[in-house]
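For this chain, numbers begin at 1 and follow the sequence in order. These figures come from a predicted structure and were not determined experimentally.
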Amino acid sequence: MTVSDDPERICRHSGHRLVAERVHRSDGCGRRCVTSVLTIPARSVSLRMYSLEGIQKGLRNPRYILQEANRLFYRRLSRSYNTRGIDVFDEDWDNLLILDACRYDLFDRVSTLPGETTAVESRGSSTREFLRGNFEGKRLLDTVYITASPMLYRHRDGVDVRFHEVFEVWKDSGWHEDYRTVMPDTVAEAALRAAERFPNKRLLIHFIQPHYPFIGPTGQEQFDLDRLDFQWEDLASGDLGVPRDVVQRAYEENLEEVLPAAERLLFELGGRSVVTADHGQMLGERTFPIPMREYGHPEGIYSDELVKVPWHFFDAGPRRDVTVEEPATDTERDEMKLADERLRALGYID
C-alpha cells in the first residue's frame, strides 16, 4: 500500500482526496487497477446520528450496517445529496420527462426515441434525495409538475419548493388498482391536459416506470402484484426466490412499457423535451468500498448504476414562451394516508 501526498489525487468513486491506494491486477485482465482506501476517523461517527429504530434494524440485519458504511463513504459523513450531480432546473428544456429509477446503460441500449442521448450525474440515488438536491428552497413559478409519484407529497414538509401548479396523478382515478401503480398512458394524458391548460409553462413530468411494480409480461408472471411489502432486500438475501436474470428482464420490460408514452409526448408537447431519470437502479452489482451486492436504489450510495442517468433531448417545433406567475389558487387536501398506501404499493419502505 502507498500513501498519496498529492492533494490533487481524487478518488474516482467518491470525490474524496485519495488518502491511500492499493495497486493490484484485476482478474488476470492485465490492467493496472487502483482501489482507493479512505479512512474515516471513529470520532466522526456517533450513534447520535441514528435513531433507535435504525440501530435495532442494523442489529437484526448486519447488511444495513455495511450499507451504512458505504453511505458514509460517499456522503462524506454530512452531505444530504450528491453535490456532484446536475441541477435539472438550470438546464435548457421546455418539457422534462423523468423515468423513475432508469439506469443510463439500460436506456442507451433499449431506447429507440428520436433525438440524442448523453449521460449526466444525478443529485440522488433515490427519489427523496433527488427531490432534496433539485427542489429544496426553490420557487419554480414557471413550472408545472405532473407526477405519478407520491414522494414529494409525502415529504412536502421536508422539501421547501413552490411550483405554479402540481398535478398529483397518483390520486383517485389516476391509480390502477390491478397493477398498483400509475400507468404510463395515464401520465401522458395528464401531461397533455396540463400543456393545454398552461401553454406558457415548463412541464416537469414524472413517470413511475421503470420503477417497480413490474407491469410487463415477466413481471406479471413472476411477481405477486398483490404483495404490498415488496422489498429489494429480499432479493439480496434470496428470500424472494426470483433469479437475478428474471429481475433484470422484468425491469427492462418496464422501461419498454413507458417509452411509447414518452415518445408520444416528445412529438405532441412540442418545444425542447428532455428524457432523464431521478436515479438509477442496482441489480445485484457490488457496491464500493465494501463490495456487497445491492438491489434497488439505496439512498446515499453514489455508484454509476445509481447516479449515472440518461439525458436525452429532442426538439419538435418552436420553443415555448415561458412566463413566471403566481398560482391562481393554493388549495390542497391532506391525503397523507393515501400517499403512504401508494408508496407501499410501489415498494417503498418507511
Inset, instruction - Spell out, yes or no, whether Phe135 and Leu141 are grouped together once hydrophobic residues are joined by side-chain heavy atoms under 4.5 Å, including indirect joins. - result: no

Inset, instruction - Please confirm whether the backbone N or O of Leu203 pairs with a side-chain atom of Trp93, one donor and one acceptor, at under 3.5 Å? - result: no

Legend entry - Evaluation steps, ring pair (Phe, Tyr, Trp, His ring centres under 6.0 Å), between Phe314 and Phe267: CA-CA 9 Å; Phe314 177 71; Phe267 287 101; 5.2 Å; yes

Legend entry - Salt bridge Arg132-Glu299, side-chain N to carboxylate O under 4.0 Å: yes

Inset, instruction - Measure across Ala316 and Leu266 and return the closest heavy-atom pair with its distance rounded to 0.1 Å. - result: CB-O, 3.5 Å

Legend entry - Residues Asp87 and Lys138 bridged, charged N to O under 4.0 Å: yes

Inset, instruction - Salt-bridge test for Asp92 and Arg272: reply yes if a basic N is under 4.0 Å from a carboxylate O, no otherwise. - result: yes

Inset, instruction - Could you tell me the separation between the CG atom of Leu265 and the CD atom of Glu189, rounded to the nearest 0.5 Å? - result: 9.0 Å

Legend entry - Carboxylate-amine/guanidinium contact Glu252 Arg109, below 4.0 Å: yes

Legend entry - Residue among Arg71, Arg84, His279, Arg79 satisfying side chain to side chain contact (heavy atoms under 4.5 Å, CB included) with Tyr302: Arg79

Inset, instruction - Please answer whether the main-chain N or O of Glu253 pairs with a side-chain N or O of Glu257 as donor and acceptor at a distance below 3.5 Å. - result: no

Inset, instruction - Look only at the side chain of His312 and the backbone of Pro114, and say whether a donor-acceptor pair between them is shorter than 3.5 Å. - result: yes

Inset, instruction - Kindly give the heavy-atom pair with the smallest separation between Gly124 and Asn82, and that separation in Å. - result: N-CB, 4.4 Å

Inset, instruction - Treat each ILVMFWY residue as a node, draw an edge where side-chain heavy atoms are under 4.5 Å apart, and state whether Val324 and Tyr145 are in one component. - result: no

Inset, instruction - Considering only NZ, NE, NH1 and NH2 on the basic side and carboxylate oxygens on the acidic side, decide whether Glu294 and Arg286 come within less than 4.0 Å. - result: no

Legend entry - From Val274, Ile205, Val275, Thr143, residue fulfilling side chain to side chain contact (heavy atoms under 4.5 Å, CB included) relative to Leu96: Val274

Inset, instruction - Salt-bridge test for Arg249 and Glu221: reply yes if a basic N is under 4.0 Å from a carboxylate O, no otherwise. - result: no

Legend entry - Glu68 and Arg75 ion-paired at < 4.0 Å: no

Inset, instruction - Find the distance between CD1 (Ile146) and CG (Leu97) and round it off to the nearest 0.5 Å. - result: 9.0 Å

Inset, instruction - Tell me, with the steps shown, if Lys201 and Asp142 meet salt bridge (charged side-chain N to carboxylate O under 4.0 Å, His left out). - result: CA-CA 5 Å; Lys201 296 291 178 285; Asp142 63 347; over 6 Å; no

Legend entry - Under 3.5 Å: donor-acceptor pair, side chain of Arg162, backbone of Leu140: no

Inset, instruction - Please report the C-alpha distance between Phe288 and Phe73 in whole Å, then the side-chain angles of each, then the deciding distance to 0.1 Å, and finally whether the ring pair (Phe, Tyr, Trp, His ring centres under 6.0 Å) criterion is met. - result: CA-CA 9 Å; Phe288 186 90; Phe73 173 77; 5.5 Å; yes

Legend entry - Shared hydrophobic cluster for Val322 and Val166 (ILVMFWY, side-chain gaps under 4.5 Å): no

Legend entry - is_close_aromatic(Tyr104, Trp311), centroid dist under 6.0 Å: no

Inset, instruction - Please name the pair of heavy atoms, one in Ala191 and one in Leu269, separated by the smallest distance, quoted to 0.1 Å. - result: O-CD2, 4.2 Å

Legend entry - side chain to side chain donor-acceptor pair (under 3.5 Å) partner of Asp100, the single match among Gln281, His206, His297: His206

Inset, instruction - Give a yes or no on whether Phe130 and Tyr81 share a hydrophobic cluster (residues Ile, Leu, Val, Met, Phe, Trp, Tyr; joining criterion: side-chain heavy atoms under 4.5 Å apart). - result: no

Legend entry - Considering all heavy atoms, the nearest Gln209-Thr181 contact: NE2-OG1, 3.7 Å

